[in-house]
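Working notes, beginning with the structure itself.
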Amino acid sequence: MERLCEGAARTDIGSIDLRRVTALDTVGAWLLERLARGGATRAALTGADGPYGDLLEEVRGLNRSGPAERRSVNPLLQRLDQLGRGSRRLISDSAAFLHMLGAFSAALLGIFRHPRSFRLTSTVYQLGRVGWQAVPIMALITFLIGAIIAQQGIFHFRRFGAESYVVDMVGILVLREIGVLIVAIMVAGRSGSAYTAEIGAMKMREEIDALSTMGLDPVAVLILPRILALVVALPILAFLGSLAALYGGGLTAWLYGGMSPAIFIARLHEAVSVTHFEVGIIKAPFMALVIGLVAAVEGLCVKGSAESLGQQTTASVVKSIFLVIVLDGLFAVFFASIGM
């Protein structure tokens, strides 16, 4: 076929008579059309009547459109379009977050009205998953963070003969900021992504629609126990993580800086107060609430494909970490304004 069409392209075909054709299918009609188009001038297909003529008419209209012309786009208008789309997504995400917050509050109020509807078994199970099972990795990460902060502090403060101030830096920084922030980020990557994947998989299999059909509230059944488990587990993990970070800092100060544990503990007792610990712990439940709400919203946004599940899980982790950092900054400004 290709050689025949190439040969026709080098010759001038006046017309092709089809009066003696007794059988013609779509492939044959397309071959004739290519022969007619391939000549030096457009050849005419004559003598085809009845269904053959109709078939040739259908084939004659195929592949007539050329490549679409690229229109030049104004860069300023393109930027404005991107800005508008981003603003629309921001408004949509904010509305979905507030809607989920309202649904969670309504479900929590329903628990207070009807305590027997509280799913204690599910909550305890989720608490074990996000709390107890996360203790080893949280302790390890915060231990290393505390050790790194102490090592870098000793390395730089040694130039000024102020190694003892490393204890102040490690204690205040860990108890106020780093301890709860690192734990919240780890929880967002570990538990928040898992919540999004679980709820998204249920959405894909229409299990959430089945709950609604049975008269059950998906928020009260699926989302409320998970968020409550996060709110309870994150302060505990932040407390254990802060202890691990202080232990890592003390061990580094002893082995790297030559500061005995007794001196480190005495200096730590003078440098930090209960207020620093309170500032860190107060942030934890709010960070857990934000992580849980974002995970639930992104899970319910999953469509019916594995690609959508992966995209929403990634978006859940990114948004949770971003909001946790923003919330930490807002709390820092608030506590500074009230003198804490």
Anything under 3.5 Å between a donor and an acceptor, one on a side chain of residues 327-340, the other on a protein residue two or more places apart or in another chain? List them.
residue	atom	partner	partner atom	Å
Asp328	OD1	Lys283	NZ	3.0
Ser337	OG	Val333	O	3.4
Ser337	OG	Phe334	O	2.5

Give the table of side-chain donor-acceptor pairs shorter than 3.5 Å for residues 180-189, with sequence neighbours excluded, one pair per line with atom names and distance.
none

Side-chain donor-acceptor distances from residues 231-244 under 3.5 Å, at least two apart:
residue	atom	partner	partner atom	Å
Ser242	OG	Ala238	O	2.8

Sequence neighbours excluded and cut-off under 3.5 Å, please list the side-chain donor-acceptor pairs for residues 76-88, or say none.
residue	atom	partner	partner atom	Å
Asp81	OD2	Arg85	NE	2.9
Ser87	OG	Leu83	O	2.8

Report, one line per pair, each donor and acceptor closer than 3.5 Å where one atom sits in a side chain of residues 96-119; sequence neighbours left out.
residue	atom	partner	partner atom	Å
Ser105	OG	Leu101	O	2.8
Ser117	OG	His114	O	2.6

N/O donor to acceptor pairs below 3.5 angstrom from side-chain atoms of residues 197-204, sequence neighbours left out:
residue	atom	partner	partner atom	Å
Glu198	OE1	Arg226	NE	3.2
Glu198	OE1	Arg226	NH2	2.9
Glu198	OE2	Arg129	NH1	2.8
Glu198	OE2	Arg129	NH2	2.6
Lys203	NZ	Leu300	O	2.7

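The shortest non-hydrogen separation linking Ile154 to Val166 is N-CG2, 3.4 Å. When all heavy atoms of Ala253 and Phe264 are compared, the closest pair comes out as CB-CD1, 4.0 Å. Minimum heavy-atom separation, Gln312 to Cys301: NE2-CB, 3.7 Å. Heavy atoms only, all atoms of each residue included: Arg190 and Ala134 are closest at NH1-CB, 3.6 Å. Pro225 approaches Thr123 most closely through the heavy-atom pair CB-OG1, 3.5 Å.
The shortest distance between side-chain heavy atoms of Thr314 and Gln311 does not fall below 4.5 Å. Inter-residue side-chain proximity for Leu222 and Leu211 is flagged as met; some heavy-atom pair is nearer than 4.5 Å.
Among residues two or more places apart in sequence or in another chain, the side-chain contact (heavy atoms from CB on, under 4.5 Å) test is passed with Ser212 by Pro218. Every residue meeting the side-chain contact (heavy atoms from CB on, under 4.5 Å) condition with Trp254, not counting sequence neighbours, appears here in chain and number order: Leu251, Pro261. Partners of Ser260 according to the side-chain contact (heavy atoms from CB on, under 4.5 Å) rule, which considers only residues two or more places apart in sequence or in another chain, are Ala262, Ile263. Considering only residues two or more places apart in sequence or on other chains, Val317 meets the side-chain contact (heavy atoms from CB on, under 4.5 Å) condition with Ser193, Ile321.
For residues 285-313, the pairs satisfying salt bridge (Lys or Arg N to Asp or Glu O under 4.0 Å) are Glu298-Lys319, with sequence neighbours left out. The ring pair (Phe, Tyr, Trp, His ring centres under 6.0 Å) analysis of residues 154-210, with sequence neighbours excluded, yields no pairs.
Under a hydrophobic-cluster definition in which Ile, Leu, Val, Met, Phe, Trp and Tyr are linked whenever side-chain heavy atoms come within less than 4.5 Å, directly or via other members, Ile148 and Val174 are assigned to different clusters. No continuous path of hydrophobic side-chain contacts links Leu246 to Leu255 [ILVMFWY only; heavy atoms under 4.5 Å]. If you chain together hydrophobic residues whose side chains sit under 4.5 Å apart, Val130 and Leu120 fall into the same group. Both Ile291 and Val326 are assigned to one and the same hydrophobic cluster, defined by single-linkage of ILVMFWY side chains at heavy-atom distances under 4.5 Å. Cluster annotation: Phe277 and Ile178 are assigned to the same hydrophobic cluster (Ile/Leu/Val/Met/Phe/Trp/Tyr, side-chain heavy-atom contacts under 4.5 Å, transitive).
Summarising the local packing, OH of Tyr256 is surrounded by more than 12 heavy atoms from other residues, nucleotides or ligands at distances under 6.0 Å.
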